[in-house]
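These notes concern the structure reproduced below.
Order of listing sets the numbers, starting from 1, for every ligand and every atom in it.
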Amino acid sequence: MCGIVGLMANQAVNQALYDALTVLQHRGQDAAGMMTWHEGRFLLRKSNGLVRDVFHTRHMRRLKGNLGIGHVRYPTAGSSSEAESQPFYVNSPYGISLAHNGNLTNSDQLKQELFSSDLRHINTSSDSEVLLNVFAHELGKQGLSMGPEDIFDAVRRVHRRCNGGYAAVAIINGYGMVAFRDPHGIRPVVFGTRQEEGRQEVMIASESVALDVGGFELHRDLDPGEAIFVDLDGNIHTQSCADNPVLAPCIFEHVYLARPDSILDGAYVYGTRMQMGRKLGDRIRQEWPDYDIDVVIPIPDTSRTSALELAQHLGVTYREGFMKNRYIGRTFIMPGQTLRKKSVRQKLNAIDVEFKGKNVLLVDDSIVRGTTCNEIIQMAREAGANKVYFASAAPPVRYPNVYGIDMPSAEELIAHGRTEAEVGDLIGADRMIYQDLEDLKTACRDVNPALEEFDCSVFDGRYITGDIDEAYLNNLEASRNDSAKDHSAGDHALVGMHNQDDDQDDDFA
Ligand SMILES: O=P(O)(O)OC[C@H]1O[C@H](OP(=O)(O)OP(=O)(O)O)[C@H](O)[C@@H]1O
Ligand SMILES: NC(=O)CC[C@H](N)C(=O)O
Ligand SMILES: [Mg+2]
């Protein structure tokens, strides 16, 4: 769940892209990058760190041009090295740069094909470099003087070759900006426009909040399998490029990933989270009619929306019993369990008076590894709570994610192979309440009834792309579990395959 953005404007795009990346920061905290296009040349700045740390004034000054794309990264493949941060670039055909959110599930096979049939070399272990090269190869079949139809044909062939979840935005040198979404629409991508001195400017982004901050009017989401091409005059062309598109967006975007003020596939995330709170309230009423909860306390940030609605629905007092350190980012998307665990205590602190002698219901949006709830329950007890109940606005997370969320290992998921009550015991809760999966889906459909299907694989183990088997999951677990990552976390100092520039002062200044 990285964040992507692309902008075709009639003025310099660097600041607007920076602003958009800042509001997409919750989708990736490991690395950030921006590629602009100016007078037939690509200009790149990318590095590890938050947006504010990666782009300094000297970089911004050099990111010239009226066309550009940007990326914030949360790795799901390869390493967290700066060399695998995005956007990526290939010189042939035309010169293409691409930023990707998601995860390809057949990237090993594609890499092989790229080498042996397409005569292309992949220099990193990133699946996004694979996606770019497949796109480039397919585009290369079109020859010179391409039109929108040729680009859509290339995307059609990308869909036939690539499996998994992907939303991507790209610049084609001399032609314009392209974006496409996988045939299940697993990862989100929207587009919108604004008028600037009578001319249309177009932004494409993972979430609508990026458009809001730039004053763009949201047109719509890309449909599953659809591509959009914006030519250099700002004209928009769209086409469905998949053989059998079926919208099945990742439901975890609504649970946790997206910002509540985003509208994804026609549903306000704020609204879907409120509905999750109501449904959870209904479940408590049903299964625990004589509940003795004195106060409902959310685990900031993401659970706030559903916890408030849950409290109101049950008629119980809602209190902000944990204060969040605003300078610590999201802990779930941090690399490594040691860092995640340490960060929970740094991030959240209890206000004792809200706990002392009370039966508290702590509400989180989801429990994944159990890092947060373990610490939080202890903190509630240390603050003097009488009983500590725990509710999750999502069902138990029991299966790995293969479409762009870094949950590679079933063994690391606290609910894997456990009942709800067993999880409650393990985290030390006096009672445990989980959302029901059907209720979660209904919560989203209550906001947009057109949403029929979802990717719910982390909850039900059903992988919508149909290509995930035991062997794939075993391989993923072995290569990406926490200890495997610790081993490969060595020295990622960049030795300079990319980002060379002739003024050479920037990286050393
Ligand atoms: O069971 P775990 O492995 O701890 O994962 C789940 C927790 O992680 C997320 O919080 P995070 O701190 O990432 O972000 P937030 O501030 O947006 O809630 C999520 O909101 C849960 O609180
Ligand atoms: N979270 C994502 O969307 C990750 C994109 C890509 N798979 C990477 O690892 O860089
Ligand atoms: Mg949280």
Look up atom [atom1] in [X] and atom [atom2] in [Y], then write down how far apart they are to the nearest 0.5 Å.
X: Asp30; Y: Ser81; atom1: CG; atom2: OG; answer: 11.0 Å
X: Arg52; Y: Tyr18; atom1: CZ; atom2: OH; answer: 8.5 Å
X: Phe180; Y: Cys162; atom1: CZ; atom2: SG; answer: 7.5 Å

- Can you list, by chain and residue number, every protein residue with a non-hydrogen atom closer than 4.0 Å to ligand 1?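 Only Tyr256, Pro300, Asp301, Thr302, Arg330, Thr331, Phe332, Lys347, Asp364, Asp365, Ser366, Ile367, Val368, Arg369, Gly370, Thr371, Thr372 have heavy atoms that fall under 4.0 Å of ligand 1, ordered by chain and number.
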Minimum side-chain heavy-atom gap Ile297-Phe322 below 4.5 Å
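Yes; the side chains approach each other to less than 4.5 Å.
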| query | Are Arg462 and Asp455 close enough, and set up right, to give a salt bridge (Lys or Arg N to Asp or Glu O under 4.0 Å), and what steps lead you there? | reply | CA-CA 8 Å; Arg462 281 186 54 244; Asp455 157 45; over 6 Å; no
Pi-cation contact, Phe55 with Lys46 (under 6.0 Å, within 45°):
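No, Lys46 does not sit over the ring of Phe55.
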Tell me whether Arg330 forms a cation-pi arrangement with Tyr256, defined as NZ or CZ under 6.0 Å from the six-membered ring centre and within 45 degrees of its axis.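 Relative to the ring axis of Tyr256, which defines the angle, Arg330 lies inside both limits.
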Charged N to carboxylate O below 4.0 Å: is that the case for Asp430 and Arg381?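 Result for this pair is yes, salt bridge flagged.
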Check: every ligand 2 N/O to protein N/O pair under 3.5 Å:
residue: ligand 2; atom: 1 (N); partner: Met1; partner atom: N; Å: 2.5
residue: ligand 2; atom: 1 (N); partner: Cys2; partner atom: N; Å: 3.1
residue: ligand 2; atom: 1 (N); partner: Tyr74; partner atom: O; Å: 2.8
residue: ligand 2; atom: 1 (N); partner: Gly404; partner atom: O; Å: 3.4
residue: ligand 2; atom: 3 (O); partner: Met1; partner atom: N; Å: 3.3
residue: ligand 2; atom: 3 (O); partner: Cys2; partner atom: N; Å: 3.0
residue: ligand 2; atom: 3 (O); partner: Asn101; partner atom: ND2; Å: 2.7
residue: ligand 2; atom: 3 (O); partner: Gly102; partner atom: N; Å: 2.7
residue: ligand 2; atom: 7 (N); partner: Thr76; partner atom: OG1; Å: 2.9
residue: ligand 2; atom: 7 (N); partner: Gly102; partner atom: O; Å: 2.9
residue: ligand 2; atom: 7 (N); partner: Asp127; partner atom: OD1; Å: 2.7
residue: ligand 2; atom: 7 (N); partner: Asp127; partner atom: OD2; Å: 3.2
residue: ligand 2; atom: 9 (O); partner: Arg73; partner atom: NH2; Å: 3.1
residue: ligand 2; atom: 9 (O); partner: Thr76; partner atom: N; Å: 2.9
residue: ligand 2; atom: 9 (O); partner: Ala77; partner atom: N; Å: 3.2
residue: ligand 2; atom: 10 (O); partner: Arg73; partner atom: NE; Å: 2.5
residue: ligand 2; atom: 10 (O); partner: Arg73; partner atom: NH2; Å: 3.1
residue: ligand 2; atom: 10 (O); partner: Gln86; partner atom: NE2; Å: 3.3

Identify which one of Thr36, Ile4, Leu98, Leu44 satisfies the side-chain contact (heavy atoms from CB on, under 4.5 Å) criterion when paired with Pro87.
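That would be Leu44; it is the only one of Thr36, Ile4, Leu98, Leu44 passing the side-chain contact (heavy atoms from CB on, under 4.5 Å) with Pro87.
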